[in-house]
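Structure record follows, encoded as structure tokens.
The residues of the chain are indexed from 1 along the displayed sequence. Atoms within a ligand are numbered from 1 in the order they appear, just like the ligands themselves.
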Amino acid sequence: MNVRWVGRVFVFAVLLPFASLAEDPPAYLDSTKPIETRVEDLLGRMTLEEKVSLVHADSKFSTAAIPRLGIPRRWMSDGPMGVREEIGPDTWNAAGRTDDFVTAMPASICLAATWNVDLAKLQGQTIGEEARVRGKDIMLGPAVNIQRTPLCGRNFEYMGEDPWLTSRIAVNYIEGEQSRDVASCVKHFALNNQEQDRGSIDVKVDERALREIYLPAFEAAVKEADVLTVMGAYNQFRGQHCCENDVLLNKILKGEWKFTGLVMSDWGGVHDTKEAAINGLDLEMGTNKPYDQFYLANAFIDGLKSGEYPMSVLDDKVRRNLRVMFATKVLDKDRAQGSLNTHQHQETARKVAEEGIVLLKNEKQTLPLDVKKIRSIAVIGDNATRLQAAGGQSSGLKAFYEVSPLDGVVRRAGRDVNVIFSQGYVVPPSRRRNSTQPVPASGPSAEELRDRAVAAAKSADVAIYIGGLNKEPFCDTEGTDRKDMKLPYGQDDLIRAVVAANPHTVVVLVSGSAVEMDSWLDQVPAVVEAWYGGSEAGNALARVLFGDVNPSGKLPFTFPRHLEDSPAHALHAYPGENGVVEYKEGLLVGYRWFDTKQIEPLFCFGHGLSYTNFEYSNLKLIPGKDDNAVTVQFDLQNTGDRDGSETAQIYIHDVQPRLEQPDKQLKGFQKLFLKSGEKQSVTVSLPRHAFEFYDPQKSAWTTDPGDYEILVGASSRDIRLHDHTRL
Ligand code: BGC
């Protein structure tokens with residue numbers, strides 16, 4: 001080859017790519033083009049193998065890059081309370097990095113207890129912003145399964161027992177998160193209401209309960225928030241695993257609700273290539289096999305090549321994956337960059353924690369504590385110092401910082417108050433993987449700890465007992481349910497002893513679920529539910545206890561007096577028999593059961609006290625037209641001497657139902673901040689859908705004309721105003 005020829009080949013080889021670049025960029029790289037155009041363009045350029053690489057994982061939390069087309073690796077991360085620490089790539093062990101700290105946001109149950117949709121949006125935005133800095137494309141949350149039993153280990157990750165409240169919080173959270181160019185993943189679709197046997201249990205539920213109780217939050221996430229991804233659940237429904245479930249995925253989610261995003265499996269939730277291929281799964285994650293042996297990897301390629309599955313099945317999955325990629329601007333220059341642990345993130349974490357705290361009981365004006373009148377405080381209980389953000393399994397976080405309740409109280413009490421701490425009870429060490437709690441050396445016995453706590457309580461002006469549950473196995477954690485509803489570690493006895501030693505005792509529960517309180521509640525003047533409050537937990541708690549913040553949280557689920565009072569347990573319909581759990585209570589979940597059956601709960605759904613008082617008056621029901629069925633108007637006044645927020649709740653009661661209806665159902669709420677003495681008019685519109693029920697005979701939502709009572713209250717059992725309307 002002569003030199004001139006070599007030169008010409010070189011020039012040709014070098015110039016060709018530039019020549020093609022000089023042309024318009026391919027449509028899929030053009031961010032001004034509609035998403036569908038970009039999807040079709042890119043799809044047309046992909047080989048079969050490249051397409052299949054997008055529908056299964058290539059590490060614990062990613063899918064493969066396609067460098068030829070400039071598609072980067074796609075990263076997912078848990079979860080609903082912040083971006084999880086880095087693990088893997090091929091194991092569940094922590095990667096041991098130093099760049100994976102985040103702001104720990106409060107648990108979702110705390111967020112729900114705020115009843116504040118603006119805070120839900122902010123929580124979503126915060127997690128979205130941190131996700132971007134951490135390089136994540138899809139965040140595995142929010143988790144919206146309805147609380148069916150107080151024992152479910154993941155109740156803290158969910159948003160309580162009511163579909164309307166859960167929907168409002170979830171929709172706003174998703175809108176906030178997705179506004180930061182990150183896809184949310186609403187999970188676990190569907191009926192993942194217990195951890196026990198979660199991988200296999202087959203849920204038998206009637207069609208109405210399915211549609212009216214268990215699906216609405218998912219439906220709202222799809223139809224209102226345009227959630228980009230959905231995660232299937234581990235359990236089965238009608239004999240088919242939810243990640244491969246034709247009814248749930250093809251018929252309801254994609255058919256009826258017209259979901260255009262992608263369905264991913266829960267980690268290890270896929271069991272069969274054919275079922276996954278044809279029943280609506282678009283992305284397989286977490287299978288316990290080498291990645292090329294995933295059900296939607298080589299075996300799927302073989303089936304496509306042999307004609308067992310038409311190419312359209314694969315193309316539909318790939319389109320859905322690409323849509324999510326384009327919607328989150330993965331290939332665009334103007335993708336949001338995010339930010340990490342900013343002052344604003346910390347503020348949001350604190351506000352959510354503060355507004356979620358529920359004042360359950362407050363007699364003799366025990367709270368707020370007046371720092372000027374107190375010389376000494378005994379803080380008692382393991383949860384006063386226990387850091388909770390890291391626990392609970394997949395939702396656990398590596399927090400930049402976490403203010404413990406004790407730290408919060410010490411800081412707020414100031415130098416003039418002597419705060420003494422006594423652990424009170426001991427939590428036996430667990431051998432849990434990744435546990436960050438140190439294993440205590442052999443220490444004082446339970447009796448010694450109790451005696452010390454009692455002595456501390458006796459010596460102080462005020463005792464603040466901070467106990468409850470934690471994220472250990474069989475408490476509030478993924479993977480196990482609680483065995484009963486009692487406080488663990490002998491806390492009932494301890495609380496009785498503490499309050500006997502000091503009647504000025506405040507009990508603070510740190511938990512994600514209800515606990516029994518029968519044996520001490522009468523003797524304790526003040527009880528606070530603080531949930532898991534994230535990075536700012538201790539500050540938020542202290543600000544509520546000392547009255548810097550007027551509590552405004554309301555319970556997102558019923559606290560039963562005893563476990564047997566709650567529906568799944570009263571009907572012996574938990575945890576199931578022979579692999580099947582029958583939801584015998586049907587629609588009567590949570591307060592729907594307690595109210596219909598007239599069972600007195602310990603604390604009802606929607607309950608939460610304030611340091612001020614609110615008066616409701618002047619109810620007007622204005623019949624609407626078209627989609628607006630009725631407009632509810634009333635006045636709300638803060639009649640106490642402190643500023644504060646109140647969540648007014650609107651329930652409807654069908655006076656003469658054709659089919660069974662719960663006694664009342666939440667259909668609207670509004671949270672309002674009112675200065676002391678201030679009065680405001682509140683308006684809540686109830687759409688027709690609020691009066692609809694799912695008619696199994698017609699397989700459709702429907703309303704019956706008739707008489708409906710509208711109830712306006714401070715809780716589900718503290719109804720202040722009511723009147724009738726006709727449909
Ligand atoms: C959980 C999911 C989680 C996934 C990935 C599963 O065990 O059920 O909620 O997103 O793990 O960590």
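Numbered from 1 in the order shown, with element, the atoms of ligand 1 that lie under 4.0 Å from a heavy atom of Leu140 read 10 (O). Interface of Phe61 with ligand 1, defined as ligand atoms under 4.0 Å from a residue heavy atom, comprises 5 (C), 12 (O). Every atom of ligand 1 with a heavy atom of Arg84 under 4.0 Å away is listed here by number and element: 12 (O). Set against the non-hydrogen atoms of Arg154, the atoms of ligand 1 under 4.0 Å away are 1 (C), 2 (C), 8 (O), 9 (O). Of all atoms in ligand 1, listed by their number and element, those nearer than 4.0 Å to a heavy atom of Lys187 are 2 (C), 3 (C), 9 (O), 10 (O). Heavy-atom contacts of His188 reach the following atoms of ligand 1: 2 (C), 8 (O), 9 (O) (cutoff under 4.0 Å).
Residue Arg198 touches ligand 1 through its side chain alone, judged by heavy-atom distances below 4.0 Å.
Residue Trp92 has no N or O atom closer than 3.5 Å to an N or O atom of ligand 1. For ligand 1, the polar-atom distance check against Trp267 finds no nitrogen or oxygen pair separated by under 3.5 Å.
Remark: Pro567 pairs with Glu585, Trp593, Phe594 by the side chain to side chain contact (heavy atoms under 4.5 Å, CB included) rule, at least two apart or across chains. When the side chain to side chain donor-acceptor pair (under 3.5 Å) test is applied to Tyr295, no partner is found at least two apart in sequence or on another chain.
Between Phe294 and Trp267, the gap from one ring centroid to the other reaches at least 6.0 Å.
For the pair Arg148 and Tyr574, the cation does not sit on the ring face, since its NZ or CZ is not both under 6.0 Å from the ring centre and inside 45° of the axis. Under a cutoff of 6.0 Å and an axis angle of 45°, Lys254 and Phe259 do not form a cation-pi pair.
Residue contact annotation: Glu157 has no non-hydrogen atom under 4.0 Å from ligand 1. For Met285, the closest heavy-atom approach to ligand 1 does not fall below 4.0 Å. Contact analysis leaves Gln393 out of contact with ligand 1, as no non-hydrogen atom separation drops below 4.0 angstrom.
Ion pair Arg132/Glu129 not flagged as a salt bridge, since none of the NZ, NE, NH1 or NH2 atoms sits closer than 4.0 Å to an Asp/Glu carboxylate oxygen.
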After noting the C-alpha distance and the side-chain angles of Asp246 and Arg238, does the key distance pass the salt bridge (charged side-chain N to carboxylate O under 4.0 Å, His left out) rule?
CA-CA 10 Å; Asp246 184 49; Arg238 296 187 188 156; over 6 Å; no
Run the salt bridge (charged side-chain N to carboxylate O under 4.0 Å, His left out) check on Glu207 and Arg211 step by step: do they pass?
CA-CA 6 Å; Glu207 194 68 25; Arg211 303 287 184 151; 3.0 Å; yes
One pair to check against side-chain contact (heavy atoms from CB on, under 4.5 Å): Leu210 and Phe237. What are the steps and the verdict?
CA-CA 10 Å; Leu210 175 72; Phe237 167 60; 3.8 Å; yes
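Scanning all protein heavy atoms for the shortest distance to atom 5 (C) of ligand 1 gives Asp78 OD2, 3.2 Å. What sits closest to atom 7 (O) of ligand 1 on the protein, heavy atoms only, is Glu478 OE2, 2.6 Å. Among protein heavy atoms, the minimum distance from atom 11 (O) of ligand 1 is reached at Asp266 OD1, 3.5 Å.
When all heavy atoms of Val270 and Ser265 are compared, the pair lying nearest together is CG2-CB, 3.4 Å.
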